[in-house]
Amino acid sequence: MQQQYPFKEIEQAAQAYWDQNQSFVASEQSDKPKYYCLSMFPYPSGRLHMGHVRNYTIGDVLSRFHKMKGFNVMQPMGWDAFGLPAENAAIKNNTAPAKWTYENIEHMKTQLKQLGLGVDWNREIATCKPEYYKWEQWLFTELFKKGLIYKKTSTVNWDPVDGTVLANEQVIDGRGWRSGALVEKRDIPQYFMKITAYAEELLNDLDKLDGWPEQVKTMQRNWIGKSYGCEVEFPIVGQSGNLKVYTTRPDTLMGATYVAVAAEHALATLAAQSNPKLAEFIAECKRGSVAEADVATAEKKGMDTGLFVTHPLNGEQLPVWVANYVLASYGEGAVMAVPAHDERDFEFANKYSLPIKAVIKQSDTDNLPMTEHGILFGSGEFSGLNFEQSSDAISAALNAKNLGKKRTQFRLRDWGISRQRYWGCPIPIIHCEKCGEVPVPADQLPVVLPEDVVMDGVGSPIKKDPSFYETTCPTCSGKATRETDTLDTFFESSWYFARYASFDANQMCDERANYWLPVDQYVGGIEHAILHLLYARFFNKLMRDVGLIQNDEPFTNLLTQGMVLKDGSKMSKSKGNTVDPQALIDSYGADTARLFMMFAAPPEQSLEWADSGVEGANRFLRRLWKAVYEHVELGEIAAYTTGDLSAELKAIRLQLHLTIEKVADDYGRRHSFNTAISSVMELMNALAKIEATDVLTRSVRQEVLQNVTLLLSPIVPHICQALWAELKPNSHILEAIWPLADKTAMVQDEVELVLQVNGKLRGSMVISKQMAKLAIEQLAITQPCVTKFLVDNATVRKIIVVPNKLVNVVIG
RNA sequence: GCCGGGAUGGCGGAAUUGGUAGACGCACGGGACUCAAAAUCCCGCGUUGGCGACAACGUGGGGGUUCGAUUCCCCCUCCCGGCACCA
């Protein structure tokens, strides 16, 4: 054993050993309970970033910990390989997206291996490979046949100069990121998945997910957004037909003073035909991006259409306005406006001098808008009713006139999956003039995306490639064209968890998926709390309903890792504030990088990156190395089992076994890796103070070092493998099991109680653990730190004893 | 704008169920070792007052509940994540 800590040799040797012995290859043949630990797979952007290091270290710690606890562990890894950045890089570097992607994968795989992850690389997948996307094309065709995928027009960002569709990310302040042109909203036909058909189940099953953070479930509930309200129809004055709106506040109907429709609404289009100014306003509304954040923060603007509708209950005529704050995609794309009781309506009514009519009594202030529920007034027959009563009565009145009814509404919209981009999975549809949209038959799958292409920056190469799009109709054999749109990349990441389980199956997934699924522990960034996690849950249910898997939910436990920030914002290439973990690994080794990452912050919290502190993690490993070196230099010795110990040795054994319990709890239940590490540091600090080298002391030291090595091995596996080999030359740490705390070492008969006077810390006293409450009280009020406050007629009013913690003497 | 989080020393963080605020580490200061430096080891380290014992203040701001609040409740500020075509 070397005196200095040779991290490079240690890490290379450990990683070579794991490779040669296939140490982390998972098998379905096992008597042990299975543990499927999945980390969100990376986008192969080129190099590992700190977020990856954090994510995959967390997953690896949990995997290795559970392996030691006796589980049959699978930890796979792969590549979320389709996506926009490959196209941008290809244009910039004059290469093909595929080549760029495969080179990135190769490099990042080397980096991941250097991190020392206990991954079963046999199961590696890359979503851009035909053997992967073949199966999602197959699922697409099945869902298309079932009507769960359909086509409709929807709105995209259109760059009129480049002539391309832009992602929301590519729209900066309403302009195209390359051309600088003002972006326009444009309607184009696209494929949609009917996720709304599963809205109810996606909502209800959240209640089953006890292993998910409450905040994620809350976000998903709000995103699905089930609301109970009422549809109300306003007959259009001078025309046939009604304007339908949806409201969650039917109780405020008698306070409606106008109605507002989205710029895209049919009534707006109709009114604009004879009103050029309105047409210009609607065109103005159609400028800017489609992103909801942009729409919602835009200045509220509107224009009167000149049309009127009739209030369904009081018969008043209300003006119809076009308003940019009305979302075309929610409800009916039209709202009844009640300025007295809605923030946005209030602001809008003030701006355009529209009437404001209060119909709900104020609770405590006179300020409008008053958006809380309350008792109605000025509402005719409904006055005096509360929210529930008036909602019922008003919907009944609407029902009687056939102008409305109660309705539940979801905020969730169907998922648009078409992308007008090249680097994605081709949509397996053939357009035939005679037969219409024909799904590609299973025996003709996959529809392979050509990889040898030239990206000229103007549109997708396959849209200009007849050898791709020219084909024949599978039904009538006539001339036909392939769909040239590709799938949203969320499509690939929505089912990869099932593919890992049956990575080489000649179908989407086989029985092995039912062995491994659901994933026992999923680890990934909090930024995926809604979209990815909702789509994956949706896909799981789709795959269940086509008979591929049995479980209802894909992820039993979810750990949402916080962001790695630098200078206050997310580390990202575009912001140019990245710190390259490779430098860290090169100069300190993977164990230091892993230790520091786990020590710097609890996993769910965002982590503000600071370069200092890495040195401290490395220093700890050097001290650990040195402690073991100095110990084994004196010869082999068995760990302590029996024998009378000094108070000092009893104390260190007490601390050791308390630490074993704490670390197990911190890894397994709390996922609090930072406190696990600090408790081991404290133990090592205490051990360092013991200098004797007699046999008994050395046996206790052996016991401590052996256990410390086991406790730390999930976090710093390389050094622990090497240290274990020194401490126990005839065994291997991968065969070692997780230590059990020795209860007999943890018996304490005395305890220190904190003494408070009126809640303020004044001292402490050491008592026997058996001491009765009354005796504790008697003892406490005789302590000098308490009696010195018993002057000037002060008397003891009350004594509060918290067992094993404190005594609070209340004096008055 | 809407939804979900967060704020504790110079810094990262700890305090697990309302019970000792600042564990552990970083940085910094002092000392030992050294010709010297690095490394290592020892000591100190919230603020203010005090030689000291000790005392007062202190967990983003304001209010409340409680014997006791970083923790629970109400209001506010700032920061972070998401908002359906970044992944």
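Note: hydrogens, waters and symmetry copies are ignored here, and every other heavy atom, side chains too, is used. A note on names: the letters A, B, ... follow the listed sequences, proteins ahead of strands, and every chain is numbered from 1.
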Select one nucleotide: of [options], the one nearest the side-chain heavy atoms of [X].
X	options	answer
A/R619	B/rG81, B/rU40, B/rA84	B/rU40
A/L761	B/rA87, B/rA21, B/rG25	B/rA21
A/I800	B/rC3, B/rG19, B/rA87	B/rG19
A/T218	B/rC86, B/rA56, B/rG4	B/rG4
A/N808	B/rA87, B/rA14, B/rC67	B/rC67
A/R762	B/rA15, B/rA84, B/rA56	B/rA56
A/R413	B/rG19, B/rC85, B/rA84	B/rA84
A/F599	B/rC85, B/rG1, B/rC24	B/rC24
A/W415	B/rU40, B/rG81, B/rC85	B/rC85
A/A293	B/rC85, B/rC24, B/rG1	B/rG1

Side-chain N or O of [X] closer than 4.0 Å to phosphate OP1/OP2 of [N]:
X	N	result
A/Q170	B/rC85	no
A/K689	B/rC41	no
A/S606	B/rC80	no
A/N222	B/rC83	no
A/R622	B/rU40	yes
A/R419	B/rC85	yes
A/N685	B/rC24	no

Pairwise [atom1] distance for [N] and [M], with rounding to whole Å:
N	M	atom1	answer
B/rU48	B/rG9	P	15 Å
B/rA56	B/rG1	C1'	46 Å
B/rU40	B/rC51	P	38 Å
B/rC41	B/rU34	C1'	13 Å
B/rC35	B/rG58	C1'	48 Å
B/rC45	B/rA14	P	23 Å
B/rA37	B/rG30	P	13 Å
B/rG81	B/rC86	P	15 Å

Candidate pair A/D414 and A/T196, rule side-chain hydrogen bond (donor to acceptor under 3.5 Å, both in side chains), full reasoning: CA-CA 6 Å; A/D414 277 342; A/T196 52; 2.7 Å; yes
Euclidean distance, atom [atom1] of residue [X] to atom [atom2] of [N] [Å, nearest integer]:
X	N	atom1	atom2	value
A/Y496	B/rA87	OH	P	15 Å
A/Q605	B/rA15	CD	P	10 Å
A/E752	B/rG19	CD	P	17 Å
A/I530	B/rA87	CD1	C1'	15 Å
A/E527	B/rC80	CD	C1'	12 Å

Looking at the base of [N], is there any donor atom on it, or on the side chain of [X], that sits under 3.5 Å from an acceptor on the other one?
X	N	result
A/Q190	B/rC85	yes
A/R797	B/rC67	no
A/K760	B/rU20	no
A/R669	B/rU16	yes

A/V614 or A/R623, whichever maps to the more 5' nucleotide of RNA chain B: A/V614
Toward the 5' end of RNA chain B, by each residue's nearest nucleotide, A/A600 or A/F41: A/A600
Answer with yes or no after comparing the ring centroid distance for [X] and [Y] against a 6.0 Å cut-off, counting only values under it.
X	Y	answer
A/Y496	A/F41	yes
A/F7	A/Y588	no
A/W415	A/Y198	no

Identity of whatever pairs with B/rU66 - Watson-Crick or G-U, under 3.5 angstrom: none
For B/rC83, the Watson-Crick or wobble partner whose two distances fall under 3.5 Å: B/rG1
ring-ring contact (aromatic ring centres under 6.0 Å, His included) partner of A/W423, chosen from A/W100, A/Y43, A/Y133, A/F82: A/F82
Syn/anti state of B/rG9 by chi, 90° boundary around 0: syn
Passing option when A/R178 is tested against A/D159, A/N88, A/D162, A/T164 for side chain to side chain donor-acceptor pair (under 3.5 Å): A/N88
Side chain to side chain, A/V183 and A/W158, heavy atoms closer than 4.5 Å: no
Pair A/K463-A/D485, salt bridge (Lys or Arg N to Asp or Glu O under 4.0 Å): steps then yes or no: CA-CA 8 Å; A/K463 289 187 186 290; A/D485 277 1; 2.6 Å; yes
